[in-house]
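Structure, as structure tokens:
We name chains A, B, ... by the order of the sequence lines, and we start the count at 1 in each one.
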Amino acid sequence: MINEEIANIFERMSRLLAFKGENRFRVLAYRRAAQSLRDLKDDLATTAREGRLDEIPGVGKDLASMIREYIEKGRIRRYDAERRGVPGALIDLMAAPGFGPKTVAVLHEKLSITSVEELNRAINSGALLELRGFGEKKVENLRRGLALWLSSKQRMPLGVALPMAEKLLDDLRKLASVERADVAGSVRRRRDTIGDLDLLIVSANSPRALREFSKLPGVKQVAALGETRATVIMEGGVQVDARAVEKNSYGAALQYLTGSKEHNVHLRTIARRRGLKLSEYGVFRGAKRVAGADERDVYGSLKLPLIPPELREDRGEIEAALQGRLPDLIELEELRGDLHAHTNYSDGRSTIEEMAARAAELGYEYIALTDHSPSSRIARGLDCAQLEQKFEEIEAARKNRPGRRPHLLFGAEVDILPNGKLDYPDDVLARFDVVTASIHSAFKQSKDKMTGRLIDAISNPNVRIIGHPTTRLLGSRGPVDFDLEAVIKAAGAALEINGAILRLDLTDTMARAAQQGGALLAINSDAHSAAQLDQIRYGVYQARRGWIEARSVVNSWRWPDLSSWLEARRSGRQARGAATGRR
DNA sequence: GCCGTTTTCGGCCCGACTGTTTTCAGTCG
Ligand SMILES: Nc1nc2c(ncn2[C@H]2C[C@H](O)[C@@H](COP(=O)(O)OP(=O)(O)OP(=O)(O)O)O2)c(=O)[nH]1
Ligand SMILES: [Mg+2]
Ligand SMILES: [Mg+2]
Ligand SMILES: [Zn+2]
């Protein structure tokens, strides 16, 4: 997407200006604009055509004209001018820990370093030690920073980070010096991917608590250890930051460490405008602390309601809070069922009976058992004979279940073929209780083709849900290119928020755009075993980050409402809730 | 470079840790 391309240019522009020692607020302006573009839901080409670039926060006259230039000409003269004579590798390098703009500039000016290889040679030959301000320890830290950066560039999935954080919290809570420990940072905000773990410790003896933290099992290296904060690198390369405060600063410290950075800066600016100062120690009027122990009070002292962590990205949540218009976010307990789960008929590991049993334990009113269609050969998609067998087994299982709960839905996750046709004929599709249509092939189609393909699928009245619409896989496959607005407008089918920890698809901002455009959503687990039904919670996290309310989520509806929605489309009746949503 | 309950200039969040510094710059959260 062009948004990402331009965001990357602005980010690099920011680094170039910093490298050259330009005014730091100019540097900041480019960085903020880059961040702002990444949060954008609309295609910049569309926004530009509509003349609405100046509505983007952080984009003024200059940056707007640069965006237009890139859209029209595919390049930006001022960017090209700035980067002339600066090795791109050095701008990349500025992402490595310890390699700030000043350091990298010195490497370039004094040692004419232009690549990582040259940098490595300079470190090993001792050439760096000759430089003013570069002692033994600094060079050693640079060596480590470079190694860490080269070995672990990827962010980790939330589904990996969250259990890791829980384990560390368990260990911390056993320490006598630790009164309380909580996870903060992007994990608490439930971002789909996590850079590092941020832990908050409450202690009457912070230095001691941090010393003990730095000796926890699994710690490979202590990168920093002070009186109030410490950073360690775990075996496996994950960075863990810990911040320790006294009880009376707990709320403010939790607010600070939860972030995001952009949310914090905005909040602190508001505090300042009100004659207050906000830091991780509290909210202060002069020397007087007016809040600090409790996070809700920290927000309250700024005349704001507590903002749910998932919203704290400075994507309009502070403005919404000021107007009392925060969304009533969907909660896990509001889900009454799961509409995407595989069985051992295709690539799942559990039987129909096992899936049903776990769904019953989760208190579900319904669960859809959706296996693959024949084109998904690796996933052992079902042919018609196998469908017949599966149908009969579901019928039998229905009779076995006390009170016939949960309702077992005979479902399919049918492939959307490259030409937009579905992988079962209509008469077969008509027999399912619920059909989710998903793309599992030909990911590289053009935006137009892909959009048409999805709309073709939606136009089949048997289809009620589009599964994992972007088909991205975190860490290995990017999203397919399609026009989200057009797909939303096509209506007819709900869009999935797939909770599989490597999918989380739709993304948060796309889900938000979908709800805003009046689309319905389905939050599903895409479980491939009974235990994986629980990963639906990650879908809920993602939905909350997308400002999603229960009214938009079809599987928060009671069975009678869901049931009539499932049938409405092919029976030609008005789909209940499709227009306005309902609980 | 952006932006406006301090409006079109003059600010732009606030604090901790490290190394090499003789008083603080650089980097990071
Ligand atoms: N006020 C303020 N807070 C910051 C700043 N940088 C970071 N923080 C706070 C908010 C962040 O969420 C928190 C943890 O910092 P991280 O760098 O770990 O970021 P975060 O966890 O949000 O994302 P990550 O997934 O780790 O990249 O510290 C800053 O420049 N100013
Ligand atoms: Mg973090
Ligand atoms: Mg951190
Ligand atoms: Zn799938």
Side-chain angles (χ1 to χ4, degrees), chain A residues 10 13-15 17-19 21-36 53-67 78 82 94-107 128-129 131-142 144-145 148 184-186 195-200 206-207 210 214 222-232 239-245 249 252-253 255-284 302-303 314 318 322:
Chain A
F10 286 172
M13 190 72 177
S14 171
R15 292 188 198 176
L17 295 175
F19 175 86
E22 271 279 352
N23 178 295
R24 64 197 179 96
F25 296 109
R26 260 187 91 204
V27 172
L28 205 64
Y30 279 96
R31 179 151 302 151
R32 287 185 58 177
Q35 185 62 42
S36 193
L53 287 176
D54 59 335
E55 291 172 21
I56 301 168
V59 174
K61 266 177 43 133
D62 290 21
L63 296 197
S65 81
M66 289 167 74
I67 292 172
R78 287 177 64 183
E82 287 295 349
M94 286 170 67
F99 289 85
K102 304 291 182 205
T103 302
V104 174
V106 169
L107 296 177
L128 260 62
L129 291 167
L131 298 173
R132 183 186 175 77
F134 286 63
E136 298 260 354
K137 287 182 173 177
K138 171 150 173 131
V139 173
E140 182 53 29
N141 283 337
L142 290 177
R144 286 180 171 174
L148 186 66
S186 50
D196 70 357
L197 305 182
D198 302 280
L199 307 179
L200 178 61
S206 293
L210 289 170
S214 72
V222 180
L225 176 58
E227 308 264 294
T228 73
R229 51 163 299 150
T231 296
V232 302
Q239 176 175 320
V240 184
D241 292 332
R243 187 82 205 232
V245 295
S249 288
Q255 192 291 310
Y256 153 72
L257 199 60
T258 298
S260 65
K261 174 184 171 178
E262 292 75 18
H263 177 90
N264 288 357
V265 169
H266 194 159
L267 225 50
R268 288 170 181 212
T269 304
I270 287 180
R272 179 174 256 281
R273 277 209 298 267
R274 303 221 156 117
L276 300 166
K277 183 182 70 172
L278 170 61
S279 76
E280 56 266 50
Y281 296 106
V283 182
F284 299 87
L302 301 175
K303 298 194 164 49
D314 198 25
I318 293 173
L322 284 167

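- Residue contacts for Leu267(A): at a heavy-atom cut-off of 4.0 Å it reaches no nucleic acid atom on any strand shown.
- Contacts of Arg78(A) with the nucleic acid, taken as non-hydrogen atoms under 4.0 Å apart, involve only primed sugar atoms and P, OP1 or OP2.
- Taking atom P on both nucleotides, dG26(B) is separated from dT21(B) by 13 Å, rounded to a whole Å.
- Within 4.0 Å (heavy atoms only), Asn264(A) reaches no atom of the nucleic acid at all.
- Nucleotide dT8(B) has no partner under the Watson-Crick or G-U criteria, as no pair reaches both atom distances under 3.5 Å.
- If you check every strand for non-hydrogen atoms under 4.0 Å, Lys277(A) touches sugar and phosphate atoms only.
- When heavy atoms are screened at a 4.0 angstrom cut-off, Thr231(A) is found touching no nucleic acid atom at all.
- A donor-acceptor pair under 3.5 Å links the side-chain atoms of Arg274(A) to the main chain of Leu302(A), judged by distance alone.
- Residue-level contact check: Val27(A) touches neither bases nor backbone, having no heavy atom under 4.0 Å from any strand.
- Using a 4.0 Å heavy-atom criterion, one finds that Ala184(A) contacts no nucleic acid atom at all.
- Judged by closest nucleotide on DNA chain B, Val59(A) is the one of Lys137(A) and Val59(A) placed further toward the 5' end.
- For the C1' atoms, the distance linking dG1(B) with dT8(B) amounts to 14 Å, nearest Å.
- The P atoms of dA16(B) and dG11(B) are separated by 25 Å, rounded to the nearest whole Å.
- Within the nucleic acid shown, Glu262(A) has no heavy atom closer than 4.0 Å to any nucleic acid atom.
- Within 4.0 Å (heavy atoms only), Arg229(A) reaches sugar-phosphate atoms of the nucleic acid but no base atom.
- Remark: Arg24(A) CZ is loosely packed, at most 12 non-hydrogen atoms of other residues, nucleotides or ligands lying under 6.0 Å away.
- Across all strands shown, Arg243(A) has heavy atoms under 4.0 Å from sugar-phosphate atoms exclusively, and none from any base.
- Between the CZ atom of Phe134(A) and the CG atom of Asn141(A) there is a distance of 11.5 Å, given to the nearest 0.5 Å.
- Put simply, the side chain of Leu278(A) does not reach to within 4.5 Å of the side chain of Tyr256(A), judged on heavy atoms.
- When the C1' atom is compared between dC17(B) and dC12(B), the two are found 24 Å apart, to the nearest whole Å.
- One distance of note links CG of Leu257(A) with CG of Asn264(A); it measures 9.0 Å at 0.5 Å rounding.
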Full working for side-chain hydrogen bond (donor to acceptor under 3.5 Å, both in side chains) between Asp314(A) and His263(A) | CA-CA 5 Å; Asp314(A) 198 25; His263(A) 177 90; 5.9 Å; no
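- Contacts between chain A and DNA chain B, taken as any atom within less than 4.0 angstrom of a protein heavy atom, begin and end at dG1(B) to dG29(B).
- Note on Tyr256(A): a base of the nucleic acid sits closer than 4.0 angstrom, heavy atoms only.
- Between dC28(B) and dT22(B), the two P atoms lie 23 Å apart (nearest whole Å).
- Only the C1' atoms considered, dG19(B) is 25 Å distant from dC13(B), to the nearest whole Å.
- Side-chain atoms of Thr258(A) never come within 3.5 Å of backbone atoms of Gln255(A) as a donor-acceptor pair (strictly under, hydrogens ignored).
- With both ends at atom C1', the span from dG15(B) to dG10(B) equals 24 Å, rounded to whole Å.
- Among the protein residues, Leu28(A) comes within range of no part of the nucleic acid, since none of its heavy atoms lies under 4.0 Å from any strand.
- From Asp54(A), atom CG reaches atom CG of Leu63(A) across 12.0 Å, with rounding to the nearest 0.5 Å.
- Annotated as syn: dT7(B), whose glycosidic dihedral is within 90° of 0.
- The nearest heavy atom of DNA chain B to Ala96(A) and to Thr269(A) marks one nucleotide each, and the one closer to the 5' end goes with Thr269(A).
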